[in-house]
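Worksheet for the structure shown next.
This structure is a prediction, so every number in the text was calculated from the model and none was measured. Chain A is the first sequence line, chain B the second, and so forth, proteins listed ahead of strands; every chain is numbered from 1.
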Amino acid sequence: MTATAPIGLSDLRTHLYGLPGVDKVGVEARAAALATRSVKTSAKTKAIDLAIRMVDLTTLEGADTPGKVRALCAKGMRPDPADPSCPSVGAICVYPAMVPVAAAALAGSGVHLASVATAFPSGQAPLEVKLADTRAAVAAGADEIDMVISRGAFLAGDYRKVFDEIVAVKEACGAAHLKVILETGELATYDNIRRASWLAMLAGADFIKTSTGKVAVNATLPITLVMLEAVRDFRDVHGRQVGVKPAGGIKNTKDAIKYLVLINETVGDDWLDPAWFRFGASSLLNDLLMQRTKLTTGHYSGPDYFTLD
Amino acid sequence: MAARVAGTAWRRTLPKSTKAMEPAPVRLSVRKTYKLYIGGKFPRSESGRTFVVDGDNVALASRKDARDAVVAARAAQPGWAGATAYNRGQVLYRVAEMLEARRDEFAALGVPADEVDAAIDRLVWYAGWSDKIAQVTGGANPVAGPFFNISAPEPTGVVAVVAPAGLLGLVSVIAPAVVTGNTTVVLAAGPQVAVTLAEVFATSDVPGGVVNILTGKYAETAPWLASHADVNALDLTGVEQRELAGELERAAAGTLKRVIRPSAGGTDFTADPGLRPMTTLLETKTVWHPKGY
């Protein structure tokens, strides 16, 4: 699907500035209120399994080796080797150089393979480099691409440039899903986050993602709430559903369940599915597994019983 | 004149006669709620429950408080074990100093002066052992090969303790565990004394999470700690019912914990404890190092 802007590009700025402002106090209070919900027993069991299926198990380090990526893939396919009823994660997320290794390891498993591209994490590279980065990852076997927007251009008000880049990367993706990382920690205001969400969706994003995990402020509940409202409103207007992926800083089961509650209360069941919601995380999976073990065995588990990565 | 000083001179002053008839104001005392001690803080129980002991409100710990305490103890363990033995000894000595300064509080709780003395002495005794225990329990082993073979004691990790009542008993189970670098989750019997001791720990440079103290009914929380996979040892010294001690030991076997059984006739804490309380909570690491010629 090639992205066709439903509005004239010259109207882009007008359109983005026409979006209503975000009530900062209101959105934070609502996110905090929803975070107090208590999810227990059988509902908790279901929530944990759903959260595991939503995890994009991620390793994005300079020190990544083929061995580490293979180990991560093995873990993603069978998160709890002791329990075959434990579901696989949604996807494995790696750097483009590691895609061939991960593709071989994941072949036939049904676990998706995501790769960051477009000069992740800064996005400060010429467009041709970003496109080549994307094509290489897709050619090597990635079926999901996590791109970063040019925050510099966005903050400078050059929305057209950001829009065109997303359109071009979307085209380079071919059949692969495109997740657009807004890097909300660098966008400074909720209004900017709402605008960037709309900009990405208008340009053809299949997913909007909060963060790279490489800056100080990562995914938070209020930011995700703003983005969920954006995808809901976008579907109402344009009839196309877009997924959401909070990433970075989601470390334990309690946090993950808060996000699930947020989805249920904001956009509803339609997004409570790994096809439409993902967690970009690494350490979250171990905590989910510990909580799952607690529910199945009846006693508390410990980090010693799960792999480090 | 006083009103003028206080900046309220504009107020209509009452006639002198009325003022003389007012009763002297009664000062309301601040009543204390004895709370838990987890990760260096004094939270109420997560469950919101309290119970009354001798007219005092005391937090009644739940299994989730025990879980939180284990998380705090685990987080504190590498740092505490990584501190130098000398440093841990100094911190324990500091605990003794602070306990000395709080004599009156313990006296008010009915702890006899000689028990406070004994508890302080016990702390100082263990503080002294911090940088000596490794020489006694470790050493170079003669082996038939070209190797240096060295054994050194290492802390077991997170120790769950069902503590006996009384200040001396409490100190006698906590000090030998922490002096070697373990961290503890203590289920305390005499809550006021235990929480007052927690205040001593909180003011003596003991890092948060090294000692965690939970008040309440140990029969409720101990089984969760016994089966907890992230607890490495279980000290049952304070368990009075044999049957419960057996159950806890069986639960602990699931994760191969070290278990200290309660002694049949009760423990005499005034006697010389010997090294057993420390050595039980140590693991021996042996290193083989090739020797050059």
| Quick check: are there more than 12 heavy atoms from other residues, nucleotides or ligands sitting under 6.0 Å from CD of B:Q241? | yes
| said: Restricting to non-hydrogen atoms, name the atom on A:G302 and the atom on B:A229 that form the minimum distance, rounded to 0.1 Å. | reply: N-CB, 3.6 Å
Which side chain or backbone donor-acceptor pairs connect chain B with chain A at less than 3.5 Å?
unit_1 : atom_1 : unit_2 : atom_2 : d
B:R63  : NH1    : A:Y300 : OH     : 2.8
B:S227 : O      : A:H299 : ND1    : 3.2
B:A229 : N      : A:Y300 : O      : 2.8

| said: Please determine whether the number of non-hydrogen atoms from other residues, nucleotides or ligands lying under 6.0 Å from atom CZ of B:R49 exceeds 12. | reply: yes
